[in-house]
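Presented below is the structure to which this report refers.
We name chains A, B, ... by the order of the sequence lines, and we start the count at 1 in each one.
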Amino acid sequence: MSTHNMHAHAHASGAGALHGAGADAHGHHDGHHDLEELRTFGFWIFLITDCILFGTLFATYIVLRGNMNGGPTPHELFEMPGVIAETFILLTSSFTGGLAVLAMNRGLRGGLIGWLIVTALLGLSFITLEVTEFVKMVHEGATISTSAFLSGFYTLVGTHGLHVSIGIVWMAALILQLARRGITSVTRRKVNVISLYWHFLDVVWIFVFTIVYLMGVM
Amino acid sequence: MWESIKEFASEFFVTGDPLIYGADVAIALTLVSIVFVLTYFKKWKWLWREWLTTVDHKRIGIMYIIASLLMLFRGGVDALLMRTQLVMPDNTFLTPEHYNQIFTTHGVIMILFMAMPLMFGLFNIAVPLQIGARDVAFPFLNALSFWLFFWGAMLFNVSFVIGGSPDAGWLAYPPLSEMSHSPGVGQDFYIWGIQISGIGSLMTGINFIVTILKMRAPGMTLMKMPMFTWSVLSSCVTIIFAFPILTVTLALLFIDRFFGAHFFTLDGGGNPMMYINLIWMWGHPEVYIVVLPAFGIFSEVVATFAKKRLFGYKSMVFALMSISVFSFFTWAHHFFTMGSGANVNAFFAVTTMAIAIPTGVKVFNWLFTMFRGKITFKTPMLWTIGFIPCFVVGGMTGVLLSVAPADFQFHNSYFLIAHFHQVLIGGVAFGYFAGLYYWWPKVFGFKLNEKIGKWAFWLWNIGFYICFMPQYVLGLMGMTRRVVTYGWDTGWWELNLTSTIGGFLMGIGFLFQVWQIMHSLKFMERDTTGDPWNGRTLEWSIPSPAPAYNFATVPVVDARDPWWAEKQQREAGRPAAPAAAYEPIHMPGNSGIPFIKSFCWFLAGFGLVFDWLWLAIPGLIGVGLCMLAHSFVYDNDYYIPADEVARAEAESRGAVG
């Protein structure tokens, strides 16, 4: 497969050398092509590690969720309308993220940037709702140090929220790069990778929604 | 004002122990002399350009090795301090508090800041060369991994003189490591030192998986890979599944300590045993992570010095990969005494015994490789031969420990201490020494003195048995681990005295290794052939030290030991395939971001240790800015023109022959 990638570098730059310091656009592009494939593959492996990270947090939450320590129970605490709204917003953002990739594949820079902005804004409203939910719970006296259940809850859901927040900043940086450089092999890979990341967070949220919220209020 | 400064300083700096004042002076002198030498010889720019910003896997490997040898020194001094304290009953050389700190830092440093970086150093110097690649898949990430390790290790080590060392054991079991029992900053140094370097380890795991799976020379199918490369793959697969668990576990402990959460506390519904399960879900695979590459090194060394192809290649691959899977199903054998019931204990006892099977397969493979081989006893081979009986005995005492009912007797005794030192020194340390001696000429271009090396080998090997064999007996006599002293009436004195003598013999062995390096630097015996051991794999087909681009033309592989096969062909008089024409070589550019970003992590970690948010928050912002800055860097790469490659190759051709 990509075992020949170093060859490709050499060949690509071979063409470039005719023009001096390997600056030939075509040669450069080919050289990057395999590098971008490598990076995408690396990101898949990173996602495995992130899977394990969330798996460990879920396991800890499941072990500790029964230890309420006389504090509020999930049933008393969770307000489902807000959570369901968060869920729909995040699912929709995954859809718009998909539309962004489709626009990119058709070579439409405007559409790509537009859908990425929509995706980031949906992500932002998800985070806003989540922070509002947390603040309200803390005001009701349900803090991270109230009980083992709440320690597990804030850490698991908060880690997901932190991932989404990082994704938003990352997306903003990518939008700037797309505006400046357009769709190249490098930016194309970056869009593909962030879309993988975003869909992954969506899948994690489905588990959060089921295990934390639905099983909590059941 | 003056009073408050004085009060702060007495809290901030570790005071009251003459050993530590001595260390303060030594550290200050070392720092001043480093700054002086760099300034006097005008080497600051050189240091920054050639080393601190490098993304070359060979240089990163060298930095890993230097750092890990320094850590071996510190961990070794810790060990000898402990052995000195235990040399006779009722000894007061160390206070109990100091003793707790020393056994904690000894364990952490030896596993995480000595074995891991030495392993990564060997990955870096050997793997790309073995698979015919010009670098790792992600050179920037590789540099970042190194600097995260470096600054993580610095953060951990600074606790020695600032704030106070951790003292809750190398795995920091709660509730002892919780705020309720360890209110000082030592435990926070532990968390952030390991956390920062652990992120680096995780990224190295990803990096080498992609490198090995995607960057092999054309024709090198998976089943033609050198065995060390296979062992690195199995180790890295284990890393990516195990290290996220460590990240989470340490983060949860920190959240407990910093935000007052109740994951592992005794009150509030917390469950300390949850921590012990989690930390061993990482910790058990971790010992396989460090030992698997050692198995790979032995396989390379045995085949090279017996001049035979490795016996049982396929069974070796299967053994390595099955161990990396099995290693995730044995963790509870570290706490059979937890009370999880007979069925759970039986499951983990059986899996632990089962893991001895693939290990046994490997031992027989090495023995059969040597069988009827023409063995030359160079230092790498000596360490390999020293390893086999040592590891077999260590493995068998491990099987004894895996018998759950018997473990209730052995648990936390010196029997256990002797067992894991036997597999970690006899397996990991001997293995990495073999690797270091084996690849040293390839990395530095000169050989190490064999005679002093043999002295070092025998001192280590004899010292090892004198040190640890008595400890098995001490364990059976009832001596438990982590005791600061013992009475005359125990009858443990003679065996402890013997053990201490063995420990110091190993210490002298280490000094011999230092002498060996110094001596070889002075009377440099250049490796002009590029192939000093008559090797079998691709790294020996290029000059020593390898040029920046590694391979002038990408090799094409069609055999399992490609370099050996080519040498056989040349001997048979068959002409070598016509060399491909040189082409410009694409190279990654240097970057200062890994160093700066890791330093920001250090600042953030330091701030979080002391609850100084004014330092922690800017540190974390710095980390984020570095990530963004890197994201906006395009085209940080260059080409080495073909005629420059031709010139470099012509220069070394005379040497390579």
Heavy atoms from other residues, nucleotides or ligands near CE of B:M273 exceed 12 (cutoff 6.0 Å) | yes
Using side-chain contact (heavy atoms from CB on, under 4.5 Å) as the criterion, point out the one residue from B:N207, B:V210, B:V237 that pairs with A:I45.
-> B:V210
Of the backbone (N, CA, C, O) and the side chain (C-beta and beyond), which part of B:I239 lies under 4.5 Å from a heavy atom of chain A, both, or neither?
-> neither
What are the two closest heavy atoms between A:N69 and B:G268, and how far apart are they?
-> ND2-CA, 3.3 Å
Examine whether an atom of A:L53 lies under 4.5 Å from a heavy atom of chain B, and if so say whether it belongs to the side chain, the backbone or both; otherwise answer neither.
-> both
State, with a plain yes or no, whether a side-chain heavy atom of A:Q177 is found less than 4.5 Å away from one of B:Y634.
-> yes
Quick one: does A:F41's side chain get under 4.5 Å of B:L213's, heavy atoms only?
-> yes
Top residue by heavy-atom pair count (under 4.5 Å) with chain B, among A:I48, A:T49, A:N67?
-> A:T49
Report the distance from atom CH2 of A:W44 to atom CD1 of B:I209, rounding to the nearest 0.5 Å.
-> 15.0 Å
Pairwise distance CD1(B:I240) to CZ(A:F46) - rounded to 0.5 angstrom | 11.5 Å
Per-residue contacts, residues 139-163 of chain A versus chain B, heavy atoms under 4.5 Å = A:I144, A:S145, A:T146, A:S147, A:A148, A:S151, A:G152, A:T155
Contact origin within B:F138 toward chain A - heavy atom pairs under 4.5 Å = side chain
So which of B:F241, B:F632, B:Y638 has the largest heavy-atom pair count under 4.5 angstrom toward chain A?
-> B:F632
So side chain to side chain donor-acceptor pair (under 3.5 Å) across residues 237-253 of chain B, not counting sequence neighbours, yields none
Name the region of B:L278, side chain, backbone, both or neither, that has any atom closer than 4.5 Å to a heavy atom of chain A.
-> side chain
Exam field: side chain B:K214 to backbone A:D34, donor-acceptor pair closer than 3.5 Å = no
Shortest non-hydrogen separation from A:A173 to B:L628 and the atoms involved = CB-CD2, 3.6 Å
Can you see which heavy atom on B:A137 is nearest to which on A:L38, and at what distance?
-> CB-CD2, 3.9 Å
